[in-house]
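Everything below concerns the one structure shown next.
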Amino acid sequence: MSDESVRVRYAPSPTGYPHIGNIRTALFNWLFARHAGGKFIVRIEDTDQSRKVDGALESILNSLRWIRVDWDEGPEVGGDYGPYFQSERRDLYQKYAQQLLEGGHAYKCYCSAERLDRMRAEMAERKESMRSYDRHCRELNERERVELEAGGTSPVIRFKMPLAGQTTFNDLIRGDITFDNNELDDLVLLKSDGYPTYHLANIVDDRFMKITHVMRADEWLSSTPRHVLLYRAFDWEPPLFAHLPMILGPDKSKLSKRHGAASLIEYRDMGYLPEAMMNYLALLGWALDDKTEIFSQEELIRHFSIRRISKTAAIFNKDKLDWMNGVYIRNVVIEAPAAKVDSEAYTPVITTDLIQQLMEFLDKHLPHEVNRPISREYVEQIWPLIRERITTLREVADNFDFFFIDELVYETDLLLDKKLTTDTVVTALKAALQSLTDLSADWDRIGRDAEKLAEDAQLLEEVLRPLAAGLGLKAGELFKLLRVAVTGSTAAPPLFQTMAALGRVRCMKRIRAALGKLELV
RNA sequence: GGCGCAUUCGUCUAGCGGUUUAGGACACCUCCCUCUCAAGGAGGAGAUCACGGGUUCGAAUCCCGUAUGCGCUACCA
């Protein structure tokens with residue numbers, strides 16, 4: 001299905017860091033556009049001067065860039081339908097507000113905030129069905145208007161909502177939806193500071209940016225009849241609507257800071273991969289079938305369709321994200337083999353430099369005493385040992401620091417075992433130390449490649465496994481001692497490969513350190 | 001309060017009138033593999049399809065009510 005005329009937009013307002021729900025909306029729009037071969041536009045809705053937040057624009061753009069959602073028109077790239085900041089299109093909105101005024105579809109309202117507050121308070125007290133505005137200024141006569149105008153208050157322009165009838169529109173996800181017009185109030189189109197409200201601006205912009213499909217969060221559903229009526233007042237054909245299910249926190253409420261990480265960028269900083277994030281987000285409210293979970297970006301684009309978007313709000317499930325990130329980390333194919341593109345096997349594909357990303361985390365989170373720059377060659381060597389044991393890149397610096405630091409810090413108790421006497425432990429470690437000393441000097445050669453590393457590991461096993469028997473220990477018992485001595489932990493990658501990667505000098509030094517600790521017992 | 005939308009395992013979901021003893025995934029449990037931890041493999045437990053009425057030979061699937069949840073109800077988006 002290719003339709004180059006498709007034009008969709010992501011229209012965030014720069015009021016803070018975009019959270020997962022915002023970016024999921026952007027993603028769905030983007031997937032839809034890319035699938036259709038249409039255009040994806042980013043438009044900044046900065047019409048509320050008081051809510052503007054410094055740095056928000058950059059964080060929106062950075063979030064999109066991070067998960068690799070690119071835009072055809074918008075900030076930084078421009079386009080034929082700009083400007084793409086609503087604050088730069090005020091003349092347009094004023095012109096069309098004026099047109100509505102002249103056509104009898106809108107009116108000026110001089111009510112003060114105080115009067116509005118009072119009115120609402122009274123309504124609430126009388127338990128009347130809440131209406132946001134009592135239409136006080138809708139039927140002013142000429143004399144009253146002149147008087148108010150002379151009073152110097154700058155008016156807002158309100159839409160003259162039809163008082164009767166119904167408005168029905170079709171939602172691509174939910175079907176036909178009908179509202180009674182008398183439920184709709186005379187919303188403000190143009191604020192007294194000359195800026196438009198969302199309602200006016202989004203209609204005018206979607207019209208002039210030739211937007212064909214409006215895909216936005218569910219919370220906009222109730223505003224849609226007002227928008228449809230506005231289109232009608234202008235005598236414009238409305239675009240197609242699709243209201244996306246919301247993403248909720250674990251307590252089923254709207255996602256916010258209270259739920260821990262809410263902004264997308266925080267996930268980048270925690271060590272999630274953008275490819276995994278896109279994959280996970282795509283599955284929040286959309287599914288291809290009853291089994292496929294792992295999709296490359298290309299596969300997502302190829303299969304995405306509005307028809308398969310679900311109606312119900314989804315709860316963000318970090319456990320599943322963790323799992324998926326792990327799948328990407330350990331199964332990643334750095335470059336998609338050409339032959340696989342059309343195959344039915346869904347394979348995680350990462351187009352970015354994973355090791356480079358890891359290097360950045362290590363540089364940032366490893367203790368200061370670790371020398372910089374960290375060797376990429378070394379990281380590539382140990383990568384196979386850690387990739388199966390992490391769910392995020394950030395964890396490497398925390399759980400595998402023994403690959404990098406000099407002095408291991410751990411409780412001496414870890415070396416002791418209920419079944420073994422301290423003497424036995426000391427004897428075993430000394431014997432192991434001797435074995436390593438006796439080992440061929442080849443071990444520890446500089447510039448070891450993966451093959452050499454495997455050889456070293458095998459060599460170590462050939463020496464150390466028989467040693468256990470000689471000491472009257474089970475292999476596992478000896479290995480545990482060495483593991484603690486060499487990594488400072490009872491849980492680590494396979495012993496011999498770890499020792500091979502660490503190198504003879506460090507291993508022997510650490511075993512001596514362990515013996516030193518035991519002497520103090 | 002009013003209006004709107006939604007309601008399948010704890011969570012994400014498949015299902016679009018009979019192929020369903022409701023399928024998959026995450027998480028959980030057991031076993032296998034194993035030098036630990038993971039990963040992987042094999043199993044298991046887990047959903048009276050919110051509830052109540054219809055329609056139909058037959059309903060998770062269609063209709064109506066109720067309940068619950070969420071959203072909107074600003075000179076915010």
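In the text below, chain A, chain B and the rest are named by the order of the sequence lines, each starting its count at 1.
- Legend: residues meeting ring-ring contact (aromatic ring centres under 6.0 Å, His included) with A:Tyr272, ordered by chain and number and at least two apart, are A:Tyr267.
- Note on residues 465-488 of chain A: pairs passing salt bridge (Lys or Arg N to Asp or Glu O under 4.0 Å), not counting sequence neighbours, are A:Asp417-A:Lys480, A:Glu461-A:Arg465.
- Picking from B:G24, B:A77, B:G4 the nucleotide with the shortest atom distance to the side chain of A:Leu221 gives B:G4.
- Residue A:Arg308 places at least one side-chain N or O under 4.0 Å from the OP1 or OP2 atom of B:G15.
- Among all heavy-atom pairs drawn from A:Arg9 and A:Ile211, the shortest one is CB-CD1, 3.7 Å.
- The partner of B:A67 is B:U7, judged by Watson-Crick or G-U wobble contacts that both fall below 3.5 Å.
- Closest to the A:Ser132 side chain, of the nucleotides B:A74, B:U11, B:C75, is B:A74.
- Nucleotides B:C49 and B:A39, compared at atom P, are 35 Å apart to the nearest Å.
- Using the Watson-Crick or G-U wobble rule with both distances under 3.5 Å, B:U61 pairs with nothing in any strand shown.
- Rounded to whole Å, the separation between the P atoms of B:U56 and B:A45 comes to 39 Å.
- Nucleic acid contact class of A:Leu495 (heavy atoms, under 4.0 Å, all strands): base.
- Straight-line distance between the P atoms of B:C63 and B:U21: roughly 24 Å, to the nearest whole Å.
- Here A:Lys480 does not reach the OP1 or OP2 of B:U34: none of its side-chain N or O atoms lies under 4.0 Å away.
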Under 3.5 Å, N/O pairs linking protein and nucleotides 19-21 of chain B:
none

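- Side-chain nitrogen and oxygen atoms of A:Arg465 include at least one within less than 4.0 Å of the OP1 or OP2 phosphate oxygen of B:C35.
- Across all strands shown, B:G40 forms a Watson-Crick or G-U wobble pair with B:C32, both key distances being under 3.5 Å.
- In the set B:A77, B:C5, B:U7, the nucleotide with an atom closest to the side chain of A:Thr312 is B:U7.
- Taking atom C1' on both B:U11 and B:C28, the two are 12 Å apart, rounded to the nearest angstrom.
- For A:His243, there are no ring-ring contact (aromatic ring centres under 6.0 Å, His included) partners, not counting sequence neighbours.
- Listed pair A:Ser310 / B:U13 meets the phosphate criterion, a side-chain N or O lying under 4.0 Å from OP1 or OP2.
- B:C3 and B:C12: their P atoms are spaced 29 Å apart (whole Å).
- Residues forming a ring-ring contact (aromatic ring centres under 6.0 Å, His included) with A:Phe400 (at least two apart in sequence, or on another chain): none.
- A:Arg483 comes within 4.0 angstrom of a base, heavy atoms only.
- Mapping A:Phe479 and A:Ile173 onto RNA chain B by nearest heavy atom places A:Ile173 at the nucleotide closer to the 5' end.
- Residue A:Arg389 has no polar side-chain atom (N or O) positioned under 4.0 Å from OP1 or OP2 of B:A39.
- Contact between A:Leu31 and A:Ala282 at its shortest, heavy atoms only, is CD1-CB, 4.4 Å.
- At a threshold of 4.0 angstrom between heavy atoms, the contacts of A:Tyr195 with the nucleic acid are absent.
- Comparing B:G24 with B:A14, their C1' atoms sit 7 Å apart, to the nearest whole Å.
- Between the C1' atom of B:A77 and the CZ atom of A:Arg9 lies a distance of 11 Å, rounded to the nearest Å.
- The salt bridge (Lys or Arg N to Asp or Glu O under 4.0 Å) search around A:Asp290 returns none, not counting sequence neighbours.
- In this structure, of B:G24, B:C76, B:U11, it is B:C76 that holds the atom nearest to the side chain of A:Asp48.
- Taking 4.0 angstrom as the limit, A:Ser13 places none of its side-chain polar atoms (N or O) nearer than this to OP1 or OP2 of B:C76.
- When each of A:Val188 and A:Trp286 is assigned the nucleotide of RNA chain B with its nearest heavy atom, A:Trp286 is the one assigned upstream, toward the 5' end.
- Comparing the same atom, P, in B:G2 and in B:G65 gives a spacing of 15 Å after rounding to whole Å.
- Computed from coordinates, the A:Asp290 CG to B:U8 C1' distance equals 14 Å when rounded to whole Å.
- Neither OP1 nor OP2 of B:G4 sits under 4.0 Å from any side-chain N or O of A:Arg174.
- A:Ser489 comes within 4.0 angstrom of nothing in the nucleic acid, heavy atoms only.
- In this structure, B:A22 forms no base pair with any nucleotide, since neither Watson-Crick nor G-U wobble geometry is met with both distances under 3.5 Å.
- Relative to the side chain of A:Ser222, the nucleotides B:U36, B:C3, B:C72 differ in distance, and B:C72 lies closest.
- Between the side chain of A:Asp218 and the backbone N or O of A:Ala313 there is no donor-acceptor pair closer than 3.5 Å.
- Of the listed nucleotides (B:A27, B:C75, B:G24), B:C75 has the atom at the smallest distance from the side chain of A:Lys191.
- The same atom, P, is picked in B:G15 and in B:C29; the two are 31 Å apart, to the nearest Å.
- When heavy atoms are screened at a 4.0 angstrom cut-off, A:Phe179 is found touching the sugar-phosphate backbone but no base atom.
- Ion pair A:Asp134/A:Arg115 flagged as a salt bridge, since at least one NZ, NE, NH1 or NH2 atom sits closer than 4.0 Å to an Asp/Glu carboxylate oxygen.
- For A:Glu183, counting side-chain heavy atoms from C-beta on, the closest listed nucleotide (B:G2, B:U11, B:C12) is B:G2.
- With A:Asn22 contributing its side chain and A:Pro12 its backbone, the two residues share no donor-acceptor pair below 3.5 Å.
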